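Notes follow the structure.
Both backbone and side-chain heavy atoms feed into the values below; hydrogens, waters and symmetry mates do not. Here the structure is a predicted model, which means the values were calculated and not measured. The sequence lines fix the lettering, A, B, ..., with proteins before strands; numbering per chain opens at 1.
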There are 2 protein chains.
Amino acid sequence: MSRVPAQAPGGAPTIREVAEAARVSRATVSRAFSRPDLLRPETVAHVRAVATRLGYTPNIVARGLSTGRYATIALVVPDIANPFFPPLVRGAQRAADAAGYGVFLGDSDEDAEREDSLLARFTGQVEGIVLASSRLDAARVRRHAERRPVVLVNRDLEGIPRVLIDPTGGINAAVDHLADLGHRRIAYVSGPHPSWAHQQRRRALRRAVAARQGLELVTVAARRPTYDSGVACVPALLATGVSAAVGFDDVLAQGLLAGLAAAGIPVPTHFSVVGCDDGVAATTAPPLTTVSAQTGEAGRAAVELLLGVLGNADVRDARYVLDTHLVIRSSTGAVSASRGG
Amino acid sequence: MSRVPAQAPGGAPTIREVAEAARVSRATVSRAFSRPDLLRPETVAHVRAVATRLGYTPNIVARGLSTGRYATIALVVPDIANPFFPPLVRGAQRAADAAGYGVFLGDSDEDAEREDSLLARFTGQVEGIVLASSRLDAARVRRHAERRPVVLVNRDLEGIPRVLIDPTGGINAAVDHLADLGHRRIAYVSGPHPSWAHQQRRRALRRAVAARQGLELVTVAARRPTYDSGVACVPALLATGVSAAVGFDDVLAQGLLAGLAAAGIPVPTHFSVVGCDDGVAATTAPPLTTVSAQTGEAGRAAVELLLGVLGNADVRDARYVLDTHLVIRSSTGAVSASRGG
DNA sequence: TTGTAAGCGTTATCAC
DNA sequence: GTGATAACGCTTACAA
C-alpha cells in the first residue's frame with residue numbers, strides 16, 4: 001500500500017521510526033509513553049530522548065482506534081451566538097483540556113433534526129457527549145444516551161446525568177426585592193414553551209408570588225427569546241398594568257429595556273425589569289438586575305460529570321444542581337405613584 | 001487481545017459484521033459506501049439495506065487512520081466569550097458541517113502558550129486548522145503551518161492563506177459621516193497593540209483623517225478591549241476635548257457609552273461614538289453606529305479556504321479580503337455648540 | 001524488563 | 001465487479 005502519509009506535510013514520525021532509532025521494539029516505545037512504570041528508567045529516558053529529537057508525538061487517533069479511548073468529547077449547543085452559551089462552552093472546553101480531552105463543537109441552530117445528525121456523526125468518534133439545552137425530545141435523547149455516555153445541561157431526564165441551573169434562589173430573591181420596592185403586580189415575559197429553563201423559571205415565579213401576600217403574576221408571551229422580541233413585547237406588557245417585569249433571559253430583558261425607553265417609560269423610576277442568566281446584564285443600559293447563573297461552572301461541571309462516567313464512576317443518575325442568586329443593579333427601583341401595583 | 005470494544009455502549013456493528021450478514025467481503029461493504037460506482041447497483045442496494053438493518057455507519061476514525069483523511073478540522077480562538085467570535089465560530093462550524101467535517105474548538109484564553117499546546121494536540125488529529133486572531137508570533141504560526149494546512153483570520157502572513165476583514169471602507173464612511181456632522185477632532189480609543197485588527201483600524205483612521213481637510217485624530221489608549229476598560233477611558237477621552245470617538249470594537253464602545261452616560265454627557269447630542277464589528281452594536285443604548293464586519297462570513301470563508309487547500313486547490317497564498325461598511329444607528333449626531341471640534 | 005504478534009475498523013492494491 | 005490481504009499507527013496479551 002502506498003498512500004498519502006497520514007501526517008502529510010512534514011511527515012510526522014511514527015512509533016516505528018522511533019523504535020528503530022532507539023534500537024528497541026515498538027512496544028517499548030509505546031510503553032515509554034503510556035506505561036513508563038513497566039520499563040527500566042534508563043530505557044524510558046533513552047526512548048523519550050530519541051522521540052523528542054525526532055519530534056515524535058503519539059498519534060491520538062491511532063491510539064483511540066486501538067483502545068477505544070478517543071480522548072475526545074462532543075459539546076452540542078443550540079446557538080453559540082446566544083450569550084448564554086459562550087461562557088458555558090468556555091468552561092467545558094477548559095475542563096476537557098485540563099483532562100487531555102479535545103472538544104468537538106456542534107451548533108444545532110435550534111433545529112432538532114440538525115442536532116440529531118450532529119449527534120449521529122459524533123457518536124462514532126467521541127467518548128461522550130455534553131448536550132446543552134437540547135432541542136430533542138426525550139426519546140431521542142435517550143436513544144443517543146444508549147450509544148454513548150451523555151450528560152445533559154438544563155434538561156432533567158431521569159437516568160441521564162445532568163447539570164441543572166435552578167432558578168429558585170434567584171427568583172425568590174427577585175420577587176422579595178420587587179415586593180420590597182412596593183411592586184404588587186409583576187409580569188413574566190416568557191421564553192420558548194418547550195424549554196426546561198422556561199418551565200423552571202415560570203414555576204419558580206408562580207411559587208414565589210403565591211407564597212407572598214398581595215402579589216399577582218401575569219404572563220406576557222414573547223415570540224422568541226430575542227432582543228427584538230423583547231422590544232416588541234412592550235406594548236402588551238404595558239397593557240397589563242404591571243409595574244415590573246421579569247424576562248425569561250437577559251437578552252429578552254434587554255429588549256424590554258429598549259422598548260420601554262422608546263415608549264418614554266423611565267427605568268427604574270417608573271418601571272422595573274429583571275433579567276435572567278447574567279450574561280449581558282452588566283452591560284445594558286441601565287445595568288440589569290438579574291438572576292445570576294454560573295454558566296461557566298455549568299459547562300465545567302458537565303464535562304467533569306462526563307469524565308466521571310467515562311472513568312466508570314457510578315454517576316449514572318447524577319443530578320448536579322447549581323443555584324442562582326440575585327444581582328441587583330440599576331433596572332429595579334421603588335414603584336412610582338403613577339404605576340403602583 | 002480482548003479489550004473494551006471501541007463502541008462500548010451499544011456495540012456499534014463493524015464492517016465485518018455487515019460483510020458477513022450480506023455475504024460479501026469487507027472490501028465490498030467499504031465500496032458500497034465510498035465508491036458505489038465500482039459496484040453493481042444491486043450489490044450496492046443489498047449491502048446498504050443490510051447495513052441499515054444492522055445500524056451500521058462507517059467508523060470515521062478508522063477510515064481516517066487508513067486514508068489520512070480525518071474529516072476533521074480545528075478552530076482556535078482567543079476567547080469565545082468575546083462577542084466577535086461566536087458568529088465566526090458559527091459560520092465556520094456550519095461550513096465544515098456542510099462538507100462533512102467535524103470541528104474541534106480550542107479557546108486559547110488569550111494566551112500564546114496555551115494556543116501553542118492546543119495546536120500541538122490538534123495537529124495529530126485534524127486535517128487542517130483555522131486560526132482566528134492568533135496570539136502567536138509569526139515564527140510559531142509558520143511552524144504550525146508547516147505541519148498542517150493553516151488558514152488565518154485577521155492575521156496577514158505571506159504564504160499562509162488568510163481571510164482578512166478590511167476596516168477601510170467602514171472607517172472611511174465613519175469619518176465622512178462624522179465630518180458631515182461637523183466633528184473636527186476625533187479620538188480613536190485603541191485596542192491591544194499587537195492585534196492586527198487594531199493596527200488596521202488605526203491606520204485606516206489615520207489615512208481617512210489625513211485625506212480630509214481640517215480633521216484631527218487623537219489616540220486614547222484603552223487598557224484592554226473590554227466594557228469596563230471603555231468606561232474607565234471616558235475621563236481621558238473627555239480631557240482630549242474631542243467631540244467624537246471611534247472605539248476599537250463594539251464592546252469597548254459600549255463601555256464608552258456607559259461612561260459618557262455616567263458623566264452626564266448625552267449621546268449623540270453632545271458626543272458621538274462609533275464602534276467596530278457590529279457584534280452587539282444593535283442592542284446598546286443608544287444603538288451604536290458601527291463599522292460592520294461580516295464575522296460569520298469570515299468564519300465560513302476561512303473554512304472553505306481550508307477545505308480548498310485540503311482538496312489540493314492551489315490557494316497557498318490566498319488572501320481573501322472582506323470589506324466593511326458603516327451602519328448608522330443612534331450614537332452619532334451633529335456636533336453640539338458646547339463641544340464643537 | 002523487553003520483544004512478538006494480533007488486533008482496533010477501514011481502505012487500497014492486486015488478483016481473479 | 002468482487003475478493004484476499006496488507007497497511008494505517010498504536011496498544012496489549014503472552015512469551016521469553
Hey, does the side chain of A:E127 reach the backbone of A:Y70 with a donor-acceptor pair shorter than 3.5 angstrom? yes
Decide yes or no, distance alone: a donor-acceptor N/O pair under 3.5 angstrom between the base of [N] and the side-chain of [X].
X: B:S66; N: C:dT10; result: yes
X: A:R31; N: D:dT12; result: no
X: B:R35; N: D:dG1; result: no

For [N], does either OP1 or OP2 sit under 4.0 Å from a side-chain N or O belonging to [X]?
X: A:S30; N: D:dT11; answer: yes
X: B:Y56; N: C:dT10; answer: yes
X: A:T67; N: D:dT12; answer: no
X: B:R40; N: D:dT2; answer: yes
X: A:R63; N: D:dT11; answer: yes
X: A:T43; N: C:dT2; answer: yes

Residues [X], [Y]: salt bridge by 4.0 Å N-O rule:
X: B:R300; Y: B:E297; value: yes
X: A:D97; Y: B:R121; value: no
X: B:D156; Y: B:R162; value: yes
X: A:R140; Y: A:D137; value: yes
X: A:R94; Y: B:D109; value: yes
X: A:D111; Y: A:R135; value: no

To the nearest Å, how far apart are [X] [atom1] and [N] [atom2]?
X: B:R16; N: D:dA4; atom1: CZ; atom2: P; value: 11 Å
X: A:Q125; N: C:dG9; atom1: CD; atom2: P; value: 15 Å
X: A:L38; N: D:dA13; atom1: CG; atom2: P; value: 11 Å
X: B:N59; N: D:dC10; atom1: CG; atom2: C1'; value: 15 Å
X: B:I60; N: C:dT11; atom1: CD1; atom2: P; value: 11 Å
X: A:R69; N: D:dC10; atom1: CZ; atom2: C1'; value: 14 Å
X: A:L65; N: C:dA6; atom1: CG; atom2: P; value: 18 Å

Residue pairs passing the ring-ring contact (aromatic ring centres under 6.0 Å, His included) test with at least one member in residues 13-34 of chain B, sequence neighbours excluded, are B:F33-B:Y56
DNA chain D nearest-nucleotide lookup for B:D37 and B:A62: closer to the 5′ end is B:D37
DNA chain C nearest-nucleotide lookup for A:R26 and A:L39: closer to the 5′ end is A:L39
Next on the checklist: What contact category does A:V24 fall into here, base, sugar-phosphate, or nothing, at under 4.0 angstrom with non-hydrogen atoms?
Outcome noted: sugar-phosphate
Closest of C:dT2, D:dG3, C:dT10 to the B:S25 side chain is D:dG3
Double-helix bend of the helix from C:dT1-D:dA16 to C:dC16-D:dG1, axes at both ends from 5 pairs, round to 10°, gives 40°
